[in-house]
Amino acid sequence: MTSSQDSSLWQHSCQETVATKPLTGVTTADLLVIGGGYTGCSAALKAAELGAEVCLLEAEEFGYGGSGRNVGLANAGLWLPPNEIEARLGTEHASRLSTELAAAPDLVYGLIEKHKISCEATRQGTLHCAHASAGMRDLEERYNQLRANGAPVELLPADEAQKRVGTDQIHGALFDPRAGTIQPLGYAKGLARAAAQTGARLHCSSPVVALSRDGGAWQATTANGGRVSAKKLIVATNAYAGPIKGFANPSVVPVHFFQAATKPLTPAQLEYILPGLEGCWDTGLVMSSWRLDQAGRLVIGAMGALEHFASGIHTNWLNRKTSTLFPALKDPDFEFLWSGRIAMTGEYLPKILEIDEGLACFGYSGRGIGPGTVFGSAMAEALITGNKDVLPIPTSRDHQLPVAGLRSLYYETGATLTHLVKDRI
Ligand SMILES: Cc1cc2nc3c(=O)[nH]c(=O)nc-3n(C[C@H](O)[C@H](O)[C@H](O)COP(=O)(O)OP(=O)(O)OC[C@H]3O[C@@H](n4cnc5c(N)ncnc54)[C@H](O)[C@@H]3O)c2cc1C
């Protein structure tokens, strides 16, 4: 395995490029979007489609944050099951959100097709796998709730699930045919390219360092001295928010997730390991995920950070987990290893904050491909048309998350301890 903590498969295999330059000088726009992940790029694309003058500023490269680092499971809905969404949002808002997010994969795959985004798009469904018999009970409960909401999910018994994944280590699975897998960085860059081709002005390497309201407009300054004056604002910086003078970034709990990718599997291995190309994650408290990429690599990951002294615990666990799931991959030869930060909210639900003539969205809690695309587009439409009814959830005025740092430490300690003691063979 490479010793680099940030050797990402997605950087290696990305086929999309976006030609932009840092912002220099002074410019004006109807809408300023800060952040070039799924949320920001989807917002810029929608606003440009609506004929608005859009300027998007990204601190690094498009897809630098969660959008270029994730597993690439383009799911329908959120991580929370429907009844828990209803308990938190109430029946009306929960039903609206669930309906919009059920259709999120259609939006994502529709954009990929429309803009010919090169991102290894595969729509063969996902398998939420039971890691133990208790996990199967959780899946049965989710199945009942999802079916009651009209979702076309199927509950697979152990033998069928094991055949589809190519392992005897799972106790069943919940199959969702609406979902699929993508090359996540390719999708982020492709959305950025589509926005630019539709007329949005995009600038990479342009971190916003100061924001203020002046003369009825937003005034933004970048680290390299560029300035934008815009009527409306969308902040889409999520778990990767850099400090902006004059703007308090919404508080989220950063949860780390790391992944590794093998060399391409052999044709014989690909005959039985995920032959149907579903993307998978499991019911473990410290969740794991696995899928194939287009080259036939196994991409496997779990909660955990690679940046601390005990990160070897996570990578040792990954070797054990891989060879337990797939004994033919004993001593897996990982070529890539990288990690990212997930923005969790206290309720595991995304939030839209209303700011003066602007909106900030964050906290997809590990489900941002579909939701980021939906929320970004809806926020742009709401601001450009003035119709806030298009937003999928009610907005809030402020968001406090006490002891966010401690909560993050709690998740990381839990993941480290679990990986230290569990799944030993
Ligand atoms: C490891 C991992 C696995 C995941 N797996 C999945 C999955 O399988 N399926 C799924 O649906 N979701 C998954 N997620 C969640 C998903 O990736 C995120 O929810 C989604 O990418 C968030 O998109 P975003 O555009 O809101 O934020 P980001 O993609 O994080 O983009 C924010 C951008 O803002 C920029 N920025 C920050 N500060 C400034 C500033 N001051 N000025 C200008 N720009 C700034 C950053 O550089 C960054 O590019 C995963 C996340 C991670 C980290």
Side-chain angles (χ1 to χ4, degrees), residues 8 10 22-23 32-44 55-79 101 104-105 108 126 179-182 184-185 187-189 191-192 202-211 220-224 226 228 234-247 249-250 252 254-259 279-281 287 289-291 299 301-306 338-345 350-351 360-376 379:
S8 159
W10 307 136
L23 177 72
L32 167 63
V33 180
I34 305 178
Y38 304 139
T39 309
C41 293
S42 171
C55 177
L56 185 154
L57 300 177
E58 161 56 44
E60 308 278 347
E61 280 294 328
F62 303 99
Y64 170 82
S67 301
R69 298 163 187 260
N70 65 64
V71 182
L73 306 178
N75 284 303
L78 288 171
W79 175 74
L101 294 187
V108 169
T126 49
T181 60
I182 57 170
L185 181 59
Y187 178 55
K189 287 195 189 242
L191 271 185
L202 271 60
H203 298 278
C204 60
S205 308
S206 301
V208 173
V209 291
L211 259 180
T221 309
T222 68
N224 29 321
V228 183
I234 287 178
V235 181
T237 54
N238 225 323
Y240 281 79
I244 301 177
K245 195 174 163 204
F247 179 78
N249 282 317
V252 293
V255 173
H256 297 260
F257 196 98
F258 68 100
Q259 294 179 86
C280 302
W281 76 104
M287 189 260 268
S289 64
W290 60 93
R291 55 164 291 186
V299 183
M303 264 167 65
L306 297 181
W338 71 101
S339 65
R341 288 196 299 274
I342 292 172
M344 296 275 199
T345 59
K351 305 271 175 193
C361 182
F362 56 96
Y364 303 119
S365 302
R367 276 289 175 95
I369 298 175
T373 310
V374 168
F375 277 58
M379 288 193 296

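Whatever order the structure lists them in is the order used to number ligands and atoms, beginning at 1.
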To which protein heavy atom is atom 22 (C) of ligand 1 closest, and what is the distance rounded to 0.1 Å?
Asn238 ND2, 3.8 Å

To which protein heavy atom is atom 34 (O) of ligand 1 closest, and what is the distance rounded to 0.1 Å?
Gly35 CA, 3.3 Å

In short, Gly366 meets Ile342 closest at the heavy-atom pair N-CG2, 3.3 Å

Under 6.0 Å between the ring centres of Tyr364 and Phe375?
yes

Per-atom contacts of ligand 1 with Arg69, taking only distances under 4.0 Å to non-hydrogen atoms
1 (C)

What residue and atom, counting heavy atoms only, is the protein's closest point to atom 18 (C) of ligand 1, and at what distance?
Gly368 CA, 3.8 Å

Assess Ala239 for proximity to ligand 1: is some non-hydrogen atom of it under 4.0 Å away?
no

I'd like to check whether Ile244 has a polar contact with ligand 1, where a contact means an N/O of the residue lying under 3.5 Å from an N/O of the ligand.
no

Within a distance under 4.0 Å of any heavy atom of Arg367, pick out the atoms of ligand 1 and give their elements.
10 (C), 11 (O), 12 (N)

Hey, what do you get for CG (Leu23) to CG (Leu57), rounding to the nearest 0.5 Å?
6.0 Å

Mind checking whether Pro250 and Lys351 have side chains closer than 4.5 Å, heavy atoms only?
no

Do the non-hydrogen side-chain atoms of Arg341 and Val252 ever get within less than 4.5 Å of each other?
no

Among all protein heavy atoms, pick the one closest to atom 42 (N) of ligand 1 and tell me residue, atom and distance.
Val208 N, 2.9 Å

Within the 4.0 Å heavy-atom shell around Ala241, which atoms of ligand 1 are there?
37 (C), 38 (N)

Counting only heavy atoms, which portion of Val71 has something under 4.0 Å from ligand 1: side chain, backbone, both, or neither?
both

Top protein contact for atom 1 (C) of ligand 1, by heavy-atom distance:
Phe257 CB, 3.5 Å

Distance filter under 4.0 Å to Gly65 heavy atoms, resulting ligand 1 atoms:
29 (O), 30 (O), 48 (C), 49 (O)

Closest contact, heavy atoms only, Trp10 versus Arg291
CH2-NH1, 3.6 Å

Close N or O approach (Ala74, ligand 1; < 3.5 Å)
no

Between Glu61 and ligand 1, does any nitrogen or oxygen pair lie at a separation below 3.5 Å?
no

Would you say that Leu191 contacts Phe62 through its side chain, given a criterion of any heavy-atom pair below 4.5 Å between the two side chains?
no

Given side-chain contact (heavy atoms from CB on, under 4.5 Å), test Arg69 with Phe257 step by step and report yes or no.
CA-CA 9 Å; Arg69 298 163 187 260; Phe257 196 98; over 6 Å; no

Protein contact of atom 23 (O) of ligand 1 - nearest heavy atom, named by residue and atom, plus distance
Ser67 OG, 3.2 Å

Please could you name the atoms of ligand 1 that Ile369 approaches to less than 4.0 Å, counting only its heavy atoms?
9 (N), 10 (C), 11 (O), 12 (N)

Where is the nearest protein heavy atom to atom 38 (N) of ligand 1: which residue, which atom, and how far?
Gly242 N, 3.0 Å

Using distance alone, decide if ligand 1 has a nitrogen or oxygen within less than 3.5 Å of any nitrogen or oxygen in Gly63.
no

Using a heavy-atom cut-off of under 4.0 Å, does the side chain or the backbone of Glu58 touch ligand 1, or both, or neither?
both

Determine the minimum heavy-atom distance between Ser42 and Thr373, stating which atoms define it.
OG-O, 2.6 Å

Can you check whether Tyr364 has an N/O within less than 3.5 Å of an N/O in ligand 1?
no

4.5 Å side-chain heavy-atom contact, Thr39 and Phe362:
no

Look only at interatomic distance and state if Gly370 has a nitrogen or oxygen under 3.5 Å from any nitrogen or oxygen of ligand 1.
no

Is there any N or O on Leu73 that sits under 3.5 Å from an N or O of ligand 1?
yes

Going by heavy atoms in the side chains, are Val208 and Val235 under 4.5 Å from each other?
no

What residue and heavy atom of the protein are closest to atom 13 (C) of ligand 1, and at what distance?
Gly366 O, 3.2 Å

If you measure every N or O of Asn75 against every N or O of ligand 1, does any of those distances drop under 3.5 Å?
no

Element-labelled atoms of ligand 1 that are located less than 4.0 Å from some non-hydrogen atom of Gly72
8 (O)

Heavy-atom closest pair (Tyr240 atom, Gly66 atom, distance to 0.1 Å) is CE1-N, 3.4 Å

Could you state the interatomic distance from CD (Glu58) to NE2 (His203), rounded to the nearest 0.5 Å?
12.5 Å

Heavy atoms only: give me the nearest Gly279-Leu73 pair and the separation to one decimal.
CA-CD2, 3.6 Å

So for Gly372, does at least one of its heavy atoms come nearer than 4.0 angstrom to any atom of ligand 1?
no

What orientation do Tyr38 and Tyr187 show, parallel under 30°, tilted 30 to 60°, or perpendicular over 60°?
tilted

Distance from Ser365 atom OG to Met344 atom CE, nearest 0.5 Å?
5.5 Å

Near Tyr38, which atoms of ligand 1 are under 4.0 Å from a heavy atom of that residue?
20 (C), 21 (O), 25 (O)

Short list, please: which atoms of ligand 1 are under 4.0 Å from a heavy atom of Leu57?
43 (C), 44 (N)

Between Ala192 and Cys41 the two heavy atoms that sit nearest each other are CB-SG, 3.7 Å

Ala236, portion touching ligand 1 at heavy-atom distance under 4.0 Å:
backbone

